[in-house]
**Student:** 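Please see the structure below; I have some questions.
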There are 4 protein chains.
Amino acid sequence: MARGVNKVILVGNLGNDPEVKYTQGGMAITTLSLATTSVRKDKDGQQIEKTEWHRVKLFGKLGEIAGEYLKKGRQVYIEGSIRYDKFTGQDGVEKYFTDIVADEMQMLGGGGEGGGGGGGFRGSDRSSSSAPRQEAPRREAPPAKSNDFGDDFADDDIPF
Amino acid sequence: MARGVNKVILVGNLGNDPEVKYTQGGMAITTLSLATTSVRKDKDGQQIEKTEWHRVKLFGKLGEIAGEYLKKGRQVYIEGSIRYDKFTGQDGVEKYFTDIVADEMQMLGGGGEGGGGGGGFRGSDRSSSSAPRQEAPRREAPPAKSNDFGDDFADDDIPF
Amino acid sequence: MARGVNKVILVGNLGNDPEVKYTQGGMAITTLSLATTSVRKDKDGQQIEKTEWHRVKLFGKLGEIAGEYLKKGRQVYIEGSIRYDKFTGQDGVEKYFTDIVADEMQMLGGGGEGGGGGGGFRGSDRSSSSAPRQEAPRREAPPAKSNDFGDDFADDDIPF
Amino acid sequence: MARGVNKVILVGNLGNDPEVKYTQGGMAITTLSLATTSVRKDKDGQQIEKTEWHRVKLFGKLGEIAGEYLKKGRQVYIEGSIRYDKFTGQDGVEKYFTDIVADEMQMLGGGGEGGGGGGGFRGSDRSSSSAPRQEAPRREAPPAKSNDFGDDFADDDIPF
DNA sequence: TTTT
DNA sequence: TTTT
């Protein structure tokens, strides 16, 4: 059930390796930095390139797969929705973030280093994968008790 | 020509009447505040509603039509792309904005006050409509010489 | 998991009331006839309208909701995928069908007769709704034993 | 201007080299056979693959570029709309075709034989490219006077 | 067959 | 700030 449609479709290249973190509950939260470049002509007919860097979040199993298979430079298809967040820093200054929350991911192209061929994945249920597989995430160990989010981190209260 | 895909599809309701402004060159820049609401279930099975407010920009003829026909509360379909902007305020603090730049608009539903029935419009060329039609925008008069943007406002340098 | 993207987004009006049928297992299969009209200019600058009639299939709970709330004339948002089917008739002639299989539906506009306001629904699980609710479908009674599909009808072998 | 939305997004691989033809007016009409594969689980939990073969049409400059750069096996992103056509054969039997008419194309992946890296193209104007470039299409020579469509072929009357 |  |  919903009221409205909030859909984003991106095809772009990763500017960096994925960052994988875990909630206290063991759910992966993976962040991608994804570039899409568009070209338009200015009034003089000159081509102007503009690159947008999207911050893409993948949760649960989808985040684990992204952390495992994606690499800097890799081309990827993302389907998801836009989420705007406001976060008040310790200095009292409000900061705004815009994330693309991924529902689906498709690795594109044949490979490169991050490779192994393409394939698609849906983020239909986040909770079914709360136990990260041993072999998956390289960049941060699955949490034992505490983590970056502090002890009071809860699933419905993600501050970034 | 492009490298990548950056596509947004929204169906939502306007939180306010459109804001129409004009560049020095006479091009309309219309801003919509568009709500999309999604519902998900938390771990207790309770429904949680979350509304995202999108800032949608429509340029040129598309902006004129939006300013003319859309109204607060009206339901609309928007297709466009995400644009992230950074703007340094006079206090030296960097501010971040995320806009949805519309390529296409469809008025939905039968109408209401903003009405006149549905219909769709493409923003294929911004320049063909640099002279705003007399009857269109109600919220701000078409510019004679100067405008809100200051005299040095240029088409390729829109700060918001 | 998938290899490739097959996504369709439609906003259109129903040409008729939905048709609801049931599989032997009790799963609703609802068919919509949905019109989308586009306008282009021919070489003489004259506007040419062309209407495409999409055959949209909604399964399970999504199909039940569509059968219950949608009506002829109603405007609706559909997200789904394209499915091509070949079916050999009893005369031995092959017939081709193209369906849009809906994953998500949003009723648009304020209502009309089919009304009751808007709202969105996802077709994430078909099976969870194998028992159609009593009040829902008007056009065909939920099946007792046999149905239009014959006794050997199976979930994975839908011939239309 | 339009009434409704008819949008298709595909990411798939070409089953064959593109077929390029030309209208009498010299406009390219290129046809792609594009595979998208989806995977779902049946009731026994077994994975079932299903491949849809889309017939994609690209007109004008977009068709020329597709004919020039795409090759069998290449992965491509297509954005367009669905078009249903009915054609009565000489035997009096009606035949139905479903085409995806492309508005935009993006070559994906690093290349392979059809390669040369990725890049995106829009089909904004068909007519601006009525004179096919000499080096482009390999599969059929640009027409001198007549062509496959017969002499009475007209832009608004494409029978396939 | 819808809608404007 | 919308809508249901």
Side-chain angles (χ1 to χ4, degrees), chain A residues 1-6 84 86, chain B residues 10-19 31-39 47-56 65-66 68-78 100 105-121 139, chain C residues 10-19 30-39 47-56 65-66 68-78 100 105-121 139, chain D residues 1-6 82 84 86:
Chain A
M1 252 159 283
R3 176 108 191 125
V5 173
N6 173 1
Y84 307 100
K86 185 165 57 177
Chain B
L10 303 174
V11 173
N13 295 82
L14 272 71
N16 283 302
D17 285 350
E19 289 174 36
T31 304
L32 309 179
S33 189
L34 194 67
T36 60
T37 301
S38 62
V39 183
Q47 292 211 342
I48 300 187
E49 283 212 356
K50 180 135 194 286
T51 296
E52 304 296 342
W53 286 99
H54 309 269
R55 193 168 76 155
V56 179
I65 293 166
E68 188 170 4
Y69 292 107
L70 295 181
K71 283 281 188 195
K72 177 178 177 172
R74 179 91 198 224
Q75 194 179 33
V76 72
Y77 168 94
I78 292 288
I100 308 305
M105 182 194 83
Q106 291 264 342
M107 289 178 271
L108 302 175
E113 197 192 337
F121 306 91
R139 266 160 299 285
Chain C
L10 302 175
V11 173
N13 296 81
L14 272 71
N16 282 303
D17 285 349
E19 289 174 35
T30 298
T31 304
L32 309 179
S33 189
L34 194 67
T36 60
T37 301
S38 64
V39 183
Q47 292 210 340
I48 300 188
E49 284 210 357
K50 180 133 194 285
T51 296
E52 304 296 342
W53 286 98
H54 308 269
R55 193 168 77 156
V56 179
I65 294 166
E68 189 170 5
Y69 292 108
L70 294 180
K71 283 279 187 195
K72 177 177 177 173
R74 179 90 198 225
Q75 195 178 33
V76 73
Y77 168 94
I78 293 287
I100 308 304
M105 181 196 82
Q106 292 264 340
M107 288 177 271
L108 301 175
E113 196 192 336
F121 306 91
R139 264 160 300 284
Chain D
M1 251 161 284
R3 177 110 191 124
V5 173
N6 172 0
I82 313 176
Y84 307 99
K86 185 165 59 176

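Worth knowing before you read on, the calculation uses all heavy atoms, side chains too, and leaves out hydrogens, waters and symmetry mates. Chain identifiers are assigned alphabetically (A, B, ...) following the order of the sequence lines, protein sequences preceding nucleic acid strands; residue numbering begins at 1 within each chain.
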**Student:** Of all the heavy-atom pairs spanning B/G73 and B/N13, show the shortest one and how long it is.
**Tutor:**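 Closest pair (atom of B/G73, atom of B/N13, distance): O-ND2, 3.0 Å.
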**Student:** Starting from C1' on F/dT3, measure out to OH on C/Y77 and report it in whole angstrom.
**Tutor:**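 Value for this atom pair: 17 Å.
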**Student:** Output the rounded distance in Å from CE (C/M107) to P (E/dT3).
**Tutor:**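 Interatomic distance, CE of C/M107 to P of E/dT3: 17 Å.
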**Student:** What is the minimum heavy-atom distance between C/V11 and C/Q75, and which atoms define it?
**Tutor:**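 Reported closest heavy-atom pair: CG1-NE2, 4.0 Å.
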**Student:** Any idea which of F/dT1, E/dT1, F/dT2 is nearest the B/S33 side chain?
**Tutor:**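 Within the option list, the nearest is F/dT1.
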**Student:** Taking only residues two or more places apart in sequence, or in another chain, which ones meet D/N6 in a side-chain contact (heavy atoms from CB on, under 4.5 Å)?
**Tutor:**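 Partners of D/N6 by the side-chain contact (heavy atoms from CB on, under 4.5 Å) criterion, ordered by chain and then number, come out as C/L10, C/T36, C/E52, C/H54, D/S81, D/I82.
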**Student:** Measure CZ/A/R3 against P/F/dT2 and give the value in whole Å, please.
**Tutor:**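 Interatomic distance, CZ of A/R3 to P of F/dT2: 13 Å.
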**Student:** Classify the nucleic acid contact of B/T51 as base, sugar-phosphate or nothing, counting any heavy atom under 4.0 Å across all strands shown.
**Tutor:**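 The answer is base, as B/T51 lies within the cut-off (heavy atoms under 4.0 Å) of a base atom.
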**Student:** Not counting sequence neighbours, which residues clear side-chain contact (heavy atoms from CB on, under 4.5 Å) with B/T51? List them please.
**Tutor:**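 By the side-chain contact (heavy atoms from CB on, under 4.5 Å) rule, B/T51 matches B/A35, B/T37, B/W53.
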**Student:** Round to the nearest Å and state the distance from B/K71 atom NZ to F/dT1 atom P.
**Tutor:**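 B/K71 atom NZ is separated from F/dT1 atom P by 19 Å.
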**Student:** May I have the distance from B/R74 (atom CZ) to F/dT4 (atom C1'), rounded to whole angstrom?
**Tutor:**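 Whole-Å distance recorded here is 17 Å.
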**Student:** Please evaluate the base of F/dT1 for a donor-acceptor partner in the side chain of B/N16 within a cut-off of under 3.5 Å?
**Tutor:**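 By the distance-only test, yes, there is a pair.
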**Student:** Let me spell it out: for each of B/E49 and B/L34, pick the nucleotide of DNA chain F with the closest heavy atom. Which residue's pick is nearer the 5' end?
**Tutor:**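 Here B/L34 is the residue nearer the 5' end.
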**Student:** So if I take every side-chain heavy atom of C/K72 and compare against F/dT2, E/dT2, E/dT3, which nucleotide ends up nearest?
**Tutor:**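 That would be E/dT2.
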**Student:** Using atom types as modelled and distance alone, determine if a side-chain donor or acceptor of B/Q106 lies under 3.5 Å from a backbone N or O of D/G4.
**Tutor:**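 Between the backbone of D/G4 and the side chain of B/Q106 there is a qualifying donor-acceptor contact (under 3.5 Å).
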**Student:** How many Å lie between CG on B/N13 and P on F/dT1, as a whole number?
**Tutor:**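 So the CG-P distance, B/N13 to F/dT1, works out to 16 Å.
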**Student:** Grab the CD-P distance between C/Q106 and F/dT4 for me, whole Å please.
**Tutor:**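 Taking CD of C/Q106 and P of F/dT4, I get 13 Å after rounding.
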**Student:** Are the ring of B/W53 and the base ring of F/dT2 both nearer than 5.5 Å at their centres and tilted by less than 30°?
**Tutor:**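 Stacking is absent between F/dT2 and B/W53, given that the ring centres and planes do not meet under 5.5 Å and under 30°.
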**Student:** CD of B/Q75 versus P of F/dT1: gap in Å, rounded?
**Tutor:**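 That distance rounds to 21 Å.
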